[in-house]
Structures are given as structure tokens and as C-alpha cells.
There are 2 protein chains.
Amino acid sequence: MTVGTIRPGGRTARVRAAVLSAAADALVEHGFAGLDLADVASRAEVGKTTVYRRWGTTAGLVADLLTDMAEQSSPRAETGSLLEDLRANARLVQRTLADPRQGALFRAVIVAATCDPRAAEALHRFYAVRIAEWAPCVEEAAQRGELPAGTDAAEVIRAVSAPLYYRLLISGDPVDAAAADCAAEAAVAAAQAGAYTADSDPT
Amino acid sequence: MTVGTIRPGGRTARVRAAVLSAAADALVEHGFAGLDLADVASRAEVGKTTVYRRWGTTAGLVADLLTDMAEQSSPRAETGSLLEDLRANARLVQRTLADPRQGALFRAVIVAATCDPRAAEALHRFYAVRIAEWAPCVEEAAQRGELPAGTDAAEVIRAVSAPLYYRLLISGDPVDAAAADCAAEAAVAAAQAGAYTADSDPT
DNA sequence: CGATTAATGGAACCGGAGACCCGTTATGAC
DNA sequence: GTCATAACGGGTCTCCGGTTCCATTAATCG
């Protein structure tokens with residue numbers, strides 16, 4: 001074998017999968033602040049030296065976990081109605097954030113992103129992927145004439161999620177189905193009124 | 001002197017002020033994850049034993065800092081136009097979050113809130129106060145007939161901030177004046193369309 | 001003003017997260 | 001199969017955040 005060869009096959013991949021899965025479990029249980037690499041190693045039945053060597057820090061591990069999460073895509077809705085599509089999106093986000101396991105995981109990775117540039121980069125990429133998956137809902141609605149031309153599709157999708165994350169992280173209000181429906185409705189109304197058109201609104 | 005007397009006067013108050021100020025500085029520099037009570041103590045020129053005894057944990061210290069922050073109120077705008085008022089609010093939030101010092105501080109306290117129930121409670125109270133200060137803008141607009149009856153004023157105010165916090169914490173997009181204006185405009189449009197009326201939207 | 005005792009401050013102590021060393025395993029080229 | 005070595009794993013050590021102990025300072029009451 002030549003010098004410098006990488007060996008991703010078999011064991012290495014198995015170790016990565018086990019460690020990322022264990023990391024998610026640990027994050028759900030203790031949050032990012034309580035993430036202990038030795039604990040992750042023992043959950044994954046892997047030597048703690050391995051975890052420290054390959055990922056280095058808790059933030060590095062979370063960044064890799066996010067990269068992995070970004071690869072699992074969730075298909076968008078396609079009901080033919082913008083309001084219905086966005087409601088489906090809002091409900092999906094709402095269920096995710098309200099779920100004890102998923103919600104805790106998302107809180108943890110968001111915290112990690114505020115603590116480490118690489119984790120932040122990975123988080124932004126994760127959401128960029130998710131938003132790009134759902135943007136066609138808005139683009140198609142614009143083509144159907146439901147929205148003004150020049151509407152920023154990604155911004156509309158972000159507007160649906162934003163109030164739900166605000167509740168989760170900041171106000172502490174419940175992230176329930178009513179909040180999801182309200183967010184979807186508000187996004188549609190604002191988009192129809194032209195609040196998300198590209199021009200920079202001269203007062 | 002009787003047994004069990006509390007002594008808030010003089011030294012105690014001075015220590016609290018110095019420690020809270022030092023805590024804010026430390027949070028700005030190292031974030032919540034890197035908050036070290038010994039470091040805070042030395043910045044405040046106070047014995048580290050004192051900090052550990054009175055606040056116990058980093059989260060407890062942040063909770064107290066938030067309680068202190070909630071007491072400093074920022075007056076709302078009163079321009080006579082809902083859009084102008086909300087734009088003023090959005091710009092205020094935007095400037096705060098975009099400011100290197102304030103933005104870092106807010107990120108840090110939000111992180112703390114996701115890690116500790118008391119800090120979360122303090123954060124929710126902080127925002128409840130801020131939202132209550134600005135809600136009259138919306139209520140007066142409703143009385144002027146600019147909005148449908150039954151509009152949830154607090155929800156409208158939250159809708160203005162939510163996209164800005166989403167950018168700060170999640171998407172990583174810039175928190176600039178354009179985003180602020182967009183958020184204010186969208187909130188007004190959605191409110192006028194009745195997206196924030198109390199009824200639970202039977203679709 | 002003086003006694004009482006909250007409240008603070010310095011220093012020694014403790015435990016666990018993370019770094020390091022070196023032997024062991026198993027991947028991939030031949 | 002076999003060989004070189006990338007990658008893993010257990011044990012040990014170190015460093016620092018957090019606790020405890022006791023002496024010192026100063027806030028309140030008479």
C-alpha cells in the first residue's frame with residue numbers, strides 16, 4: 001500500500017455512524033453544554049481516543065453531525081395551493097420542534113452553532129438545503145399568478161419557520177399547530193402584499 | 001442586630017453591579033460556553049468565592065443578568081402610523097442584534113436560556129416586558145381602524161422580531177436594515193389580512 | 001460609638017474532562 | 001496470502017473549573 005492512503009471502508013465508516021448516532025442521543029439527553037466526548041465514545045462502544053482524534057472538540061462533532069443531517073432530505077408538499085403547501089411546511093417544522101427528541105436535538109445544534117464557526121457553517125448549509133427544497137412551492141405559486149413577480153421564494157419559506165423558532169428559543173410560547181397555521185397564513189398574506197419582492201422598498 | 005437580617009446596602013449592591021457588568025463583558029468576549037466564574041470574579045475585582053456563593057452557576061448568573069436587563073426599558077415609537085412604528089421597532093432590534101457587543105450578548109443569553117430553566121424563565125420575562133412595551137402601537141392602530149378587530153397585538157410585535165432572530169441564530173443571513181424593513185412590512189401586511197386575529201382559523 | 005454577624009476574600013483541596021503514549025487491529029495494495 | 005500502515009483502543013497524566021475552610025471586612029442595630 002502506498003503512503004498516505006485513506007481508508008474510509010468498513011470499520012471507519014461504521015465508527016463514524018455509531019459515533020454520530022451516539023452524539024445525537026447525548027445531545028438530546030444533556031444538551032450541547034453537557035456534551036462529553038468520553039460519554040459519546042462509551043455509548044458508541046468506541047475508544048474515547050478515537051473520538052478525540054477524529055473530531056477534536058464537541059463543536060467539531062456537532063458540525064459533522066449537521067453535515068450528516070443535511071444529507072437526509074425531506075420531500076416538499078405539492079398540493080397546488082400555496083397556503084396548503086406552506087401550511088404543510090409549517091406543520092412539519094412544528095412537529096419536529098415540538099417532538100421531545102427532535103426539538104432537543106435542534107436546540108442543541110443551534111446552540112453549538114453560536115459557539116463555533118464550523119458548526120455555524122454546517123447549520124447554515126443545513127438550512128440552505130432545506131429551504132431550497134421547499135422554495136419551488138413559492139416559485140410555482142408565483143408562476144400561477146398567486147404572488148407578485150419578483151417574490152423572493154427563499155425569504156417566504158424562512159418567514160414560515162421564523163415565528164416557530166422564535167417561540168422555541170426566545171419567547172417560550174408553545175410551538176403548537178395553531179402557531180404553525182398562523183405562521184403559514186401570515187407568510188402567504190405578506191407575500192401576496194409584496195413584502196418579499198426584491199426591490200428595496202423606498203419607504 | 002437581630003439574627004437573620006439581610007444587608008443589601010452598600011457593599012452587596014456594589015458587588016452585584018460589578019459582577020453583572022463583568023459578566024456581560026465576559027459573555028461578549030467568550031460566549032456562554034466559555035463563561036468562567038473565576039474570570040468574572042477577577043474582572044469585577046471580587047473574590048471568586050463570592051461569585052460562586054451568590055450565583056452558584058453560570059446559568060444562575062445569566063438569569064440574574066437578564067432580570068437586571070429587563071428593568072431597563074426602551075420607550076416605544078409613536079408616529080401615528082403602524083408601519084412607521086413597527087419599522088422603528090424592527091430597526092431598533094436590528095441595530096441591537098447587529099451591534100458586535102449587544103449582538104454577542106443576546107446570543108449568549110439565548111444560549112444560556114436553552115441550557116437552564118431559570119435562565120429560560122428570565123429570558124421569557126425579559127421579552128414579555130419588551131413586547132408589552134410595544135404592543136400599544138398595534139392596539140392603537142386597531143382602534144384607528146388600520147387592523148381588523150381581535151388582532152393579537154403581542155403576536156404582531158413578535159412577528160416583527162422573529163425573522164431577525166431567525167437570521168441571527170439559524171440561517172446566518174445578515175441582520176441588516178433591509179431585513180428589518182422587510183420584517184415590519186410583512187408583519188403589517190399579515191396583520192391587515194387578519195392572520196393574527198384570535199379565531200383559530202377553521203380551514 | 002461599639003457589638004454582632006452578614007458578607008466577602010484568600011488559599012488549599014478535589015474531581016473529571018481532555019491530552020498523550022504506545023501497543024493492537026484490520027484495511028487495502030500487491 | 002502477506003505486508004505496510006492507517007486507524008483504533010486502553011491506560012495514565014495533567015490541568016483547570018468548582019468546592020470547602022477559615023480569617024477578614026463592614027453593614028445594621030442598640
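Letters go in sequence order (proteins before strands), and every chain restarts at 1.
- At a non-hydrogen distance threshold of 4.0 Å, V46(B), G47(B), T49(B) from residues 39-49 of chain B come into contact with DNA chain C.
- In this structure R95(B) satisfies the salt bridge (Lys or Arg N to Asp or Glu O under 4.0 Å) test with no other residue, sequence neighbours excluded.
- Within residues 109-119 of chain B, no residue places a heavy atom under 4.0 Å from DNA chain C.
- For R101(B), the salt bridge (Lys or Arg N to Asp or Glu O under 4.0 Å) partners two or more places apart in sequence, or in a different chain, are D25(B).
- Evaluation of atom-type donor-acceptor distances gives no pair under 3.5 Å for the side chain of R11(B) against the base of dT8(C).
- The ring pair (Phe, Tyr, Trp, His ring centres under 6.0 Å) check on F32(B) picks up nothing, with sequence neighbours excluded.
- Across the helix from dC1(C)-dG30(D) to dC30(C)-dG1(D), the helix axis at one end is tilted relative to the axis at the other end by 50° (nearest 10 degrees, each axis from five pairs).
- Residues satisfying the salt bridge (Lys or Arg N to Asp or Glu O under 4.0 Å) test with R53(B), not counting sequence neighbours, are none.
- Looking at residues two or more places apart in sequence or on another chain, you find a side chain to side chain contact (heavy atoms under 4.5 Å, CB included) between R107(B) and T114(A), A104(B), L168(B), L169(B).
- Using a 4.0 Å heavy-atom cutoff across all strands shown, R53(B) reaches at least one base atom of the nucleic acid.
- Here salt bridge (charged side-chain N to carboxylate O under 4.0 Å, His left out) pairs that include residues 156-167 of chain B, with residues two or more places apart or in two chains, are E155(A)-R167(B), D173(A)-R158(B), E155(B)-R158(B).
- Within the structure, salt bridge (charged side-chain N to carboxylate O under 4.0 Å, His left out) pairs that include any residue of residues 26-35 of chain A comprise E29(A)-R43(A) (at least two apart or interchain).
- Considering only side-chain N and O atoms, Y52(B) lies nowhere under 4.0 angstrom from the phosphate OP1 or OP2 of dT19(D).
- The ring pair (Phe, Tyr, Trp, His ring centres under 6.0 Å) pairs that include a residue from residues 152-191 of chain A are Y127(A)-Y165(A), Y165(A)-Y166(B), Y166(A)-Y165(B), where partners are two or more places apart or lie in different chains.
- Scored by the salt bridge (Lys or Arg N to Asp or Glu O under 4.0 Å) test, D152(A) finds no partners at all (sequence neighbours excluded).
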